[in-house]
Amino acid sequence: MPPVPPESSAPRPSTVSRRTVLGAVAATAASAPLLTGLAAPASAAPSTVRPRALPGGGDLGPNVLVFDPGTSGIQAKLDQIFHQQESAQFGTGRYALLFKPGTYSGLNAQIGFYTSIAGLGLSPDDTTINGDVTVDAGWANGNATQNFWRSAENLALVPVNGTDRWAVAQAAPFRRMHVRGGLNLAPSGYGWASGGYIADSRIDGQVGPYSQQQWYTRDSVIGGWVNAVWNMVFSGVQGAPAQSFPNPPYTTLDTTPVSREKPFLYLNGSEYRVFLPEKRTNARGVTWGNGTPRGTSLSLSEFYVAKPGVSAATLNQALAQGLHLLLTPGIYHVDQPIQVNRANTVVLGLGYATIVPDNGVTALRVADVDGVRLAGFLIDAGTVNSATLLEVGPSGASRDHSANPTTVQDVFVRIGGAGAGKATTSMVINNRNTIVDHTWVWRADHGTGVGWDTNRADYGVVVNGDDVLCTGLFVEHFNKYDVQWLGQRGRTIFFQNEKAYDAPNQAAVQDGNVKGYAAYKVGDNVTTHEAWGLGSYCNYTADTGIVQHHGFAAPNTSGVKFHGVLVVSLGGNGQYEHVINEAGAPTSGTSTTPSTVVSYP
């Protein structure tokens with residue numbers, strides 16, 4: 001999250017001071033039964049012991065709060081959770097606030113860290129709040145650049161004053177929302193902001209990003225868009241501004257090539273089910289605008305409803321039985337990888353459920369199978385170095401999954417911040433045709449357990465698979481390449497990056513003969529690749545003299561194409577010599593002015 005103020009083109013109140021320091025903020029889960037098996041006779045060989053079948057379904061645990069229009073004291077409960085979570089940036093609290101279909105009035109749901117709010121209808125319009133769902137930055141003196149790890153989904157809002165405020169930074173999706181009014185993405189006072197992501201939403205009025213440095217909006221309908229700072233990207237958005245990068249810096253695609261919306265929990269009468277939206281090609285607009293959305297659904301009885309404290313062995317037993325996984329809010333420590341081997345498996349987290357590998361294992365692995373859906377959880381690196389944290393497909397995976405791809409949605413990865421953590425590579429995509437739809441992969445620059453070697457993490461996202469699509473890719477602060485793309489025919493729509501603040505000197509980031517590791521590196525053997533709306537920022541605070549030769553590196557060939565690319569030196573803490581390869585002017589001075597390339601080559 002950039003610690004310098006953007007140069008907004010929107011009017012700003014003259015009383016707002018420009019901040020110069022980004023402050024670091026430091027901030028009973030029920031155990032699921034561990035079912036080891038039936039007792040065996042003394043003479044029985046160990047191989048005859050059979051694990052007892054795990055049940056599907058069950059309650060959602062103490063940290064999922066379900067409201068209906070007749071529930072008393074809703075506002076008081078919302079306020080209680082917000083006050084607990086408002087500044088708990090690296091705390092252990094995890095909450096999901098779920099609203100049954102109906103109409104609610106007079107509410108202001110302020111959403112803090114690790115808190116998700118969602119409606120339980122099939123359509124956002126099934127659950128209407130005459131009131132607001134609010135994110136602001138009072139806890140950080142008006143600086144919204146650390147408003148991470150929270151979400152709003154599947155609700156209709158009628159804002160009290162006509163405009164809702166959602167002033168967030170990374171890892172804070174706004175999905176399947178209907179705002180019957182406007183949407184303000186900046187904090188009160190128009191302080192700094194570094195977001196963000198909207199998908200499958202309808203905003204009847206105007207969206208005002210104001211001080212937001214970057215934003216990605218996908219497959220939505222908006223009544224208008226006010227301004228831009230550095231990098232605003234739209235794909236499949238009705239009402240989006242026209243393509244005009246770099247002035248103003250709008251990158252606009254008429255459609256999204258392939259998309260499949262995130263799975264979500266809903267109520268069918270009194271039965272909980274999980275809806276699985278269908279895949280769309282050349283998508284534009286919302287999925288829910290004309291009646292029931294298209295897709296299929298699963299009963300909650302087909303899920304193992306996990307609670308914090310459950311073992312990885314039990315989660316894997318549930319998967320081997322053919323159950324899906326629903327991770328209720330909390331922190332899950334695993335001593336072996338969660339292994340998804342079955343096609344069409346769903347792993348869905350609620351309330352920022354967090355997986356921590358304790359002994360250097362990979363947190364979760366997916367086999368080379370069709371249609372897996374991973375959504376709505378956080379992976380937090382453990383103290384023992386993991387070679388990888390998330391692997392989508394084994395090394396060498398080669399099956400064609402174009403008809404039924406794996407989707408990775410609102411799956412976030414963190415190394416350090418909540419404590420010392422290490423991982424050589426955070427996210428590896430080996431399976432062909434995978435869609436990574438909104439991720440923030442973050443080597444922490446503040447919090448606890450932070451230092452060049454303390455939370456060592458060389459690579460953020462490595463893509464080996466062919467035909468992979470990333471929509472909304474946020475990757476920051478890695479010791480070497482933030483993104484390394486080795487597969488053919490890859491595509492990225494929107495990329496946001498900062499280089500590691502804490503590089504001690506030029507030698508520490510030297511990539512052979514090249515000054516600095518590129519933020520986004522396309523492999524030398526790649527012949528076809530395309531990307532739109534990419535930004536890399538440098539803020540070398542340990543050694544402000546560090547130079548990046550370029551933010552982006554790729555083969556200079558006609559099949560590898562970039563559109564709307566920029567680099568920014570934040571206040572002169574380090575500089576870029578070029579934008580991509582040898583193209584683009586150098587940054588200079590302390591003006592925080594982007595250097596841009598409209599298209600490459």
Side-chain angles (χ1 to χ4, degrees), residues 197 199 214 216-219 231-237 240 242-246 249-260 279-284 400-402 405-408 427 429-439 460-475 481-497 518-536 550-567 578-584 596-601:
Y197 176 90
Q214 69 280 315
Y216 175 51
T217 307
R218 178 182 63 71
D219 299 347
N231 189 31
M232 301 288 166
V233 181
F234 309 83
S235 68
V237 178
Q243 170 71 32
S244 58
F245 187 90
Y250 296 138
T251 299
T252 302
L253 287 74
D254 190 57
T255 62
T256 303
V258 187
S259 66
R260 190 175 69 190
K279 187 187 77 169
R280 297 196 291 169
T281 56
N282 298 318
R284 182 172 171 82
D400 183 346
H401 301 293
S402 56
T406 285
T407 46
V408 181
M427 183 183 294
I429 308 297
N430 291 319
N431 277 357
R432 292 182 60 189
N433 312 106
T434 299
I435 300 171
V436 179
D437 175 44
H438 190 226
T439 188
V461 175
V462 174
V463 179
N464 295 312
D466 294 340
D467 306 293
V468 171
L469 170 65
C470 290
T471 52
L473 184 59
F474 300 74
V475 189
Y481 297 124
D482 298 278
V483 173
Q484 189 174 28
W485 204 299
L486 304 174
Q488 296 288 353
R489 298 177 299 281
R491 292 176 290 186
T492 294
I493 304 172
F494 182 89
F495 172 69
Q496 186 264 333
N497 166 262
Y520 188 108
K521 164 76 171 176
V522 179
D524 294 341
N525 295 324
V526 173
T527 57
T528 306
H529 186 91
E530 194 160 13
W532 299 261
L534 303 96
S536 176
H550 45 221
F552 302 86
N556 186 9
T557 179
S558 60
V560 177
K561 303 174 183 178
F562 285 75
H563 315 273
V565 192
L566 69 142
V567 295
H578 299 284
V579 178
I580 178 167
N581 292 349
E582 308 301 313
T596 62
V597 168
V598 174
S599 62
Y600 182 89

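Every value quoted in this text rests on a predicted model; they were computed, and no experiment measured them.
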For [X], all residues meeting ring pair (Phe, Tyr, Trp, His ring centres under 6.0 Å), sequence neighbours excluded:
| X | value |
| --- | --- |
| His550 | none |
| Tyr600 | none |
| Tyr520 | Phe495, His529, Phe562 |
| His401 | none |

Of the non-hydrogen atoms in [X] and [Y], which two are nearest, and what is the gap between them?
| X | Y | result |
| --- | --- | --- |
| Thr492 | Phe494 | CG2-O, 3.5 Å |
| Val560 | Pro601 | O-CD, 3.2 Å |
| Val526 | Trp485 | CG2-O, 3.8 Å |
| Tyr216 | Ser235 | OH-OG, 2.7 Å |

From CD1 (Ile435) to CG (Asp467), nearest 0.5 Å =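 Nearest 0.5 Å value for the CD1-CG distance: 11.5 Å.
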Got a sec, which pairs hit salt bridge (charged side-chain N to carboxylate O under 4.0 Å, His left out) with one end in residues 550-564, sequence neighbours left out?
-> none
Kindly indicate whether the side chain of [X], heavy atoms from C-beta on, has any atom under 4.5 Å from the side chain of [Y].
| X | Y | value |
| --- | --- | --- |
| Arg218 | Ile493 | no |
| Val258 | Arg491 | yes |
| Leu566 | Phe245 | yes |
| Asp437 | Thr407 | no |
| Arg280 | Asp219 | yes |
| His578 | Phe552 | no |
| Thr527 | Pro555 | no |
| Thr439 | Cys470 | no |

With sequence neighbours left out, write down each residue that passes salt bridge (charged side-chain N to carboxylate O under 4.0 Å, His left out) with Lys521, or none if nothing qualifies.
->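 Expected list: Asp524.
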Of Asp400, Thr406, Val468, Asn464, which meets side chain to side chain contact (heavy atoms under 4.5 Å, CB included) against Arg432?
->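 Exactly one candidate clears the test, Asp400.
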Distance-only, no hydrogens or angles: does the [X] side chain make a donor-acceptor pair with backbone N or O of [Y] under 3.5 Å?
| X | Y | answer |
| --- | --- | --- |
| Arg284 | Asp254 | yes |
| Arg260 | Pro405 | yes |
| Asn581 | Ala554 | yes |
| Gln243 | Thr252 | yes |
| Gln488 | Asn525 | yes |
| Asn497 | Ser536 | no |

Ser402 and Asn433 side chains, donor-acceptor separation under 3.5 Å |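 Distance-only check fails for Asn433 and Ser402.
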